[in-house]
Amino acid sequence: MNVLYFAWVRERIGLPREEIDTSAATVADLVEELKGREERYAVAFSDLSALRVAIDQELSDFDAKLEGVREVAFFPPMTGG
Amino acid sequence: MNVLYFAWVRERIGLPREEIDTSAATVADLVEELKGREERYAVAFSDLSALRVAIDQELSDFDAKLEGVREVAFFPPMTGG
Amino acid sequence: MRVAIQAGPFDPGRESAVFASGRKDVGAIVTFTGVVRDTGDASLEAMEIEHYPGMTEAAVTAIAQEAQDRWSLADVLVIHRHGRLVTGDMIMMVATAARHRKDAFEAAEYLMDYLKSRAPFWKREVTAEGASWVDARDEDEDALSRW
Amino acid sequence: MRVAIQAGPFDPGRESAVFASGRKDVGAIVTFTGVVRDTGDASLEAMEIEHYPGMTEAAVTAIAQEAQDRWSLADVLVIHRHGRLVTGDMIMMVATAARHRKDAFEAAEYLMDYLKSRAPFWKREVTAEGASWVDARDEDEDALSRW
């Protein structure tokens with residue numbers, strides 16, 4: 001699965017995207033898996049209320065299932081306009 | 001006193017402005033005086049709720065006093081923009 | 001602040017480009033442009049706009065000043081034409097510049113609501129079937145009550 | 001409808017002049033232009049806008065489509081830049097064309113509210129004292145509740 005990071009999430013994790021081999025059932029499961037890997041993930045995902053997630057380029061939420069998903073992106077609340 | 005007419009008030013009365021020598025105390029008195037003059041004024045002023053009045057180029061109302069006033073204008077509700 | 005009451009055309013693109021240019025405290029610019037449009041039934045040949053010279057400038061300036069007093073604005077522009085226009089012609093425009101978009105949007109809507117019903121202009125539509133004065137709409141009068 | 005997500009500059013004057021030109025059913029055109037402004041404390045050296053290529057185009061197009069579904073609009077335009085900008089640069093613009101001003105104003109405000117909080121852009125301010133990501137404001141999130 002392609003996992004993307006934007007803005008300060010990207011900076012904290014230290015890369016814009018990576019290919020992750022996972023059997024996580026939901027976004028929340030994937031986050032737990034990443035937090036267990038290394039400190040930088042634990043820091044980036046320490047407060048989920050400050051994060052947003054998109055699944056296959058559509059805004060979603062942390063309860064969403066990952067079956068069949070090709071791309072997951074994590075980022076802070078958007079500041080366009 | 002300079003009396004001005006705009007839009008369909010001007011068309012009904014048949015002229016855009018005229019100098020009127022009057023001792024009318026209020027706008028309403030002036031209207032009554034004009035209505036008594038000729039049919040075209042009676043027609044133009046038949047429904048005061050469809051008319052607006054400006055005194056010395058400021059929106060006003062039919063109760064307003066005319067003492068010291070130099071210019072009175074009658075017109076339908078405005079349709080700018 | 002600039003208020004222009006004129007018979008001649010204006011270029012809304014150029015006006016909005018010039019408006020508020022070079023200011024560092026402006027984050028939001030809103031413009032409204034009013035265009036003569038076909039009204040449906042009979043094809044419009046012309047839109048004639050009568051106004052009250054002298055009072056028009058004073059009334060529009062007062063409306064623009066009131067907008068500047070009510071909202072935090074860096075600049076305000078109002079251009080309004082009079083005379084004979086045809087379909088597609090620009091009738092008027094307003095522009096507002098502010099730090100924040102809320103001020104710019106609200107002030108522009110306020111300006112439009114007041115220009116519609118409190119500036120001394122009267123529109124007359126000329127079609128193949130004749131000419132008629134445009135009636136003021138109740139909803140335009142009602143729109144003032146929100147401010 | 002036109003949506004452009006681009007690094008390069010745009011000319012708001014030219015864009016608004018071209019927008020909806022030659023249409024006979026348009027009576028009202030509203031534009032909003034967002035400009036990089038000095039934020040006060042430390043002087044801004046640059047505003048960097050990151051975005052999510054692919055999702056950005058889809059999200060902005062969906063927002064513009066929703067505006068067309070909700071209001072009676074003749075046309076909609078959204079331009080949004082990404083990359084490095086400086087004070088005074090135009091960040092983005094929206095334009096709406098409609099028969100009536102209420103539709104044009106409301107749709108433009110709707111577009112702005114959704115572009116602020118639902119299009120995948122992230123702003124970073126660079127000053128002499130360092131760089132920091134712009135925090136989303138509660139009032140921008142709250143603004144969505146009115147639609």
Side-chain angles (χ1 to χ4, degrees), chain C residues 10-40 43-44 47 74 86-102 104-113 115-116 137 139-140 142-143 146, chain D residues 10-40 43-44 47 74 86-102 104-113 115-116 137 139-140 142-143 146:
Chain C
F10 62 93
D11 177 343
R14 205 185 67 85
E15 294 291 347
S16 51
V18 168
F19 178 70
S21 64
R23 298 196 58 143
K24 299 210 159 191
D25 57 342
V26 168
I29 299 169
V30 169
T31 73
F32 177 94
T33 309
V35 186
V36 179
R37 69 175 171 83
D38 267 338
T39 41
S43 188
L44 195 70
M47 167 84 83
V86 298
T87 303
D89 280 354
M90 308 289 177
I91 304 172
M92 51 82 65
M93 76 174 284
V94 304
T96 54
R99 295 175 76 85
H100 301 293
R101 74 184 189 283
K102 189 166 185 292
F105 268 120
E106 285 189 5
E109 292 193 66
Y110 173 91
L111 289 168
M112 287 309 304
D113 284 352
L115 290 170
K116 277 274 167 195
R137 301 188 311 167
E139 63 191 271
D140 284 331
D142 295 345
R146 62 173 162 156
Chain D
F10 62 93
D11 178 343
R14 207 185 66 86
E15 293 291 348
S16 52
V18 169
F19 178 71
S21 64
R23 298 195 59 144
K24 299 208 160 193
D25 57 342
V26 169
I29 298 170
V30 170
T31 72
F32 177 95
T33 309
V35 186
V36 179
R37 70 175 170 85
D38 266 339
T39 40
S43 187
L44 195 70
M47 167 84 83
V86 298
T87 304
D89 280 355
M90 308 286 177
I91 306 172
M92 51 83 63
M93 76 174 284
V94 305
T96 54
R99 295 175 75 84
H100 302 293
R101 74 185 188 284
K102 189 166 185 288
F105 269 120
E106 285 189 4
E109 293 194 64
Y110 173 92
L111 288 168
M112 287 310 304
D113 284 352
L115 290 170
K116 277 274 168 195
R137 301 187 310 168
E139 63 191 271
D140 284 332
D142 294 346
R146 62 174 163 156

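Throughout, protein chains are lettered first and strands after them, A, B, ... in sequence-line order, and every chain is numbered starting at 1.
- Side-chain contact between C/Arg101 and D/Lys116: present, with at least one pair of heavy atoms (C-beta onward) separated by less than 4.5 Å.
- One finds the NZ atom of D/Lys102 at 10.5 Å from the CG atom of C/Asp113 (value rounded to the nearest 0.5 Å).
- Under the 4.5 Å side-chain criterion, counting only non-hydrogen atoms from C-beta, D/Glu139 is not in contact with C/His100.
- Proximity to chain C (any heavy atom under 4.5 Å) is shown, for D/Ala95, by neither the backbone nor the side chain.
- Chain C forms more heavy-atom pairs under 4.5 Å with one residue of D/Ala28, D/Ala108, D/Gly13, D/Gly27 than with any other, namely D/Gly27.
- Residues C/Val35 and D/Val26 approach most closely at CB-O, 3.4 Å, considering heavy atoms.
- When C/Phe105, C/Phe32, C/Tyr110 are each tested for a ring pair (Phe, Tyr, Trp, His ring centres under 6.0 Å) with D/Phe105, only one passes: C/Phe32.
- Interface remark: C/Asp89 contributes no atoms to any contact with chain D (heavy atom separation under 4.5 Å).
- Proximity to chain C (any heavy atom under 4.5 Å) is restricted, for D/Ser16, to the side chain, taken from C-beta onward.
- In this structure, the portions of C/Thr31 lying under 4.5 Å from any heavy atom of chain D include both its backbone and its side chain.
- Note on D/Glu15, D/Met93, D/Glu109: by heavy-atom pairs under 4.5 Å with chain C, the leading option is D/Glu109.
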